[in-house]
Amino acid sequence: MRVLFMCTANSCRSILCEALFNHLAPAGFEAVSSGSIPKGQVLPRSLSTLEQAGISAAGLSSKGNDAFENSPPDVVITVCDKAAGEACPVYFGPAMKSHWGLQDPSDVVGDEAQVDAAFHATLAHIASRCRAFFALPFDRLDRDQLKHELDRIGTQ
């Protein structure tokens, strides 16, 4: 199963999701990420946060949806934070869609320790959701049930 994590810039939250999902993923699962308006580079703080957590950042890059035209995802998960008034990007295609809103840690204003704590808290939130995802009984869920479970995970 191929999962696409999307946000606007594809430089922070969707990148953290892609890397952590792939770090935890059992065989047969793969994550990629994209942005509706890709920034063109990954935030250095995102990369250092992954490095500190022992998660590979190899191959991560900020890109748009056109990168997946020849290999579309099975599931698209948007991670923008609707509470912050962000407009979530739209993915056109047959993939199942869900929303796992995350506050943007790059928006945190404070000293180094506060910003670092925000990035690590976001990574922990993503880890919790990914573990819940991998615990799903995929072989027993039909499409509607899977959609319901994905949406439920997004509220945790």
Side-chain angles (χ1 to χ4, degrees), residues 1-81 86 88-106 115-141 143 146-156:
M1 176 181 292
R2 189 166 210 215
V3 177
L4 169 62
F5 288 98
M6 283 184 67
C7 64
T8 306
N10 190 219
S11 63
C12 184
R13 292 165 291 180
S14 55
I15 292 287
L16 294 174
C17 288
E18 174 186 0
L20 187 52
F21 185 99
N22 287 333
H23 180 75
L24 298 172
F29 291 89
E30 175 197 22
V32 292
S33 67
S34 72
S36 55
I37 307 169
K39 193 172 230 173
Q41 68 179 33
V42 176
L43 287 176
R45 177 78 71 163
S46 298
L47 298 174
S48 64
T49 300
L50 292 169
E51 182 180 298
Q52 291 166 10
I55 299 167
S56 174
L60 295 175
S61 65
S62 177
K63 59 207 155 299
N65 294 335
D66 56 341
F68 309 107
E69 285 178 344
N70 295 325
S71 57
D74 301 300
V75 174
V76 174
I77 298 174
T78 53
V79 295
C80 52
D81 181 15
E86 291 178 274
C88 285
V90 176
Y91 180 86
F92 298 100
M96 180 178 299
K97 295 159 187 79
S98 188
H99 178 71
W100 291 4
L102 294 166
Q103 291 182 349
D104 190 345
S106 68
V115 175
D116 197 45
F119 271 81
H120 285 282
T122 298
L123 198 62
H125 201 159
I126 294 165
S128 175
R129 288 179 174 173
C130 286
R131 286 186 182 100
F133 177 93
F134 294 126
L136 293 175
F138 290 97
D139 58 333
R140 296 192 312 258
L141 297 175
R143 185 172 173 85
L146 178 57
K147 167 74 170 131
H148 174 78
E149 290 300 316
L150 291 175
D151 291 346
R152 181 187 59 76
I153 290 169
T155 64
Q156 297 179 351

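For the numbers below, each heavy atom of this structure counts, side chains included, while hydrogens, waters and symmetry mates do not. Worth saying up front: this structure is predicted, and the values here are computed from it rather than measured.
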J.: If every non-hydrogen atom of Leu16 is compared with every non-hydrogen atom of Ser46, which pair is closest and at what distance?
T.: CD2-O, 3.7 Å
J.: Once rounded to the nearest 0.5 Å, what's the spacing between atom CG of Leu150 and atom NE2 of His148?
T.: 10.5 Å
J.: How long is the span from the CG atom in Leu123 to the NE2 atom in His23, to the nearest 0.5 Å?
T.: 9.5 Å
J.: Quick check: do His99 and Ile77 have side-chain heavy atoms less than 4.5 Å from each other?
T.: no
J.: Is the backbone of Cys80 close enough, under 3.5 Å, to the side chain of Thr78 for a donor and an acceptor to pair up by distance?
T.: no
J.: Where the side chain of Lys97 meets the backbone of Ala95, is there a donor-acceptor pair that is under 3.5 Å apart?
T.: yes
J.: Restricting to non-hydrogen atoms, name the atom on Ala57 and the atom on Leu50 that form the minimum distance, rounded to 0.1 Å.
T.: CB-CD1, 4.3 Å
J.: Distance check, rounded to the nearest 0.5 Å: Thr49 atom OG1 versus Leu43 atom CG?
T.: 9.5 Å
J.: Distance-only, no hydrogens or angles: does the Asn22 side chain make a donor-acceptor pair with backbone N or O of Ala31 under 3.5 Å?
T.: yes
J.: Can you tell me how the ring of Trp100 sits relative to the ring of Phe133, calling it parallel under 30°, perpendicular over 60° and tilted otherwise?
T.: perpendicular
J.: Show the numbers, then the answer: is there a side chain to side chain contact (heavy atoms under 4.5 Å, CB included) between Asp104 and Cys12?
T.: CA-CA 8 Å; Asp104 190 345; Cys12 184; 3.8 Å; yes
J.: Are any of the side-chain heavy atoms of Leu4 and Val75 separated by less than 4.5 Å?
T.: no
J.: In this structure, are over 12 heavy atoms from other groups packed under 6.0 Å from Asp139 atom CG?
T.: yes
J.: Determine, stepwise, if the pair Met6 / Ser34 fulfils side chain to side chain contact (heavy atoms under 4.5 Å, CB included).
T.: CA-CA 5 Å; Met6 283 184 67; Ser34 72; 3.5 Å; yes
J.: Please evaluate residues Ile153 and Leu136 with respect to the criterion side chain to side chain contact (heavy atoms under 4.5 Å, CB included), reporting the C-alpha separation (whole Å), side-chain torsions for both, the decisive distance (0.1 Å), and the verdict.
T.: CA-CA 10 Å; Ile153 290 169; Leu136 293 175; 4.0 Å; yes
J.: Distance-only, no hydrogens or angles: does the Ser62 side chain make a donor-acceptor pair with backbone N or O of Lys39 under 3.5 Å?
T.: yes
J.: So, do Glu18 and Ile15 sit near enough that their side-chain heavy atoms are less than 4.5 Å apart?
T.: yes
J.: Considering all heavy atoms of both residues, which atom of Ser11 and which atom of Ser14 are nearest to each other, and what is their separation?
T.: N-OG, 4.4 Å
J.: Answer whether the closest heavy-atom distance between the side chains of Val3 and Asp74 falls below 4.5 Å.
T.: no
J.: Could you go through the side chain to side chain contact (heavy atoms under 4.5 Å, CB included) check for Val32 and Phe5 one step at a time?
T.: CA-CA 6 Å; Val32 292; Phe5 288 98; over 6 Å; no
J.: I want to check something: taking the side chain as every heavy atom from C-beta on, are Met96 and Val76 in contact at a cut-off of under 4.5 Å?
T.: no
J.: For His125 and Arg129, test the side chains for any donor-to-acceptor distance below 3.5 angstrom and give the result as yes or no.
T.: yes
J.: Would you check if the side chain of Asn10 reaches a backbone N or O of Lys63 as a donor-acceptor pair within less than 3.5 Å?
T.: yes
J.: Restricting to non-hydrogen atoms, name the atom on Asp151 and the atom on Ser98 that form the minimum distance, rounded to 0.1 Å.
T.: OD1-OG, 2.7 Å
J.: Taking the side chain as everything from C-beta on, heavy atoms only, tell me whether Ser48 gets closer than 4.5 Å to Phe119.
T.: no
J.: Do you know the tightest heavy-atom contact between Ala127 and Leu24?
T.: O-CD1, 4.3 Å
J.: Taking all non-hydrogen atoms of both residues into account, name the closest pair between Gln156 and Ala132 and its distance.
T.: OE1-CB, 3.8 Å
J.: Ignoring hydrogens and angles, state whether a donor on the side chain of Ser71 or Arg2 is under 3.5 Å from an acceptor on the partner side chain.
T.: yes
J.: Do the rings of Phe29 and Phe21 sit parallel, tilted or perpendicular, given the 30° and 60° boundaries?
T.: perpendicular
J.: Where the side chain of Arg13 meets the backbone of Pro105, is there a donor-acceptor pair that is under 3.5 Å apart?
T.: no
J.: Can you establish whether the number of heavy atoms outside Leu141 located under 6.0 Å from its atom CG is more than 12?
T.: yes
J.: With distance as the sole criterion, is a donor-acceptor pair present between the side chains of Gln52 and His120 under 3.5 Å?
T.: yes
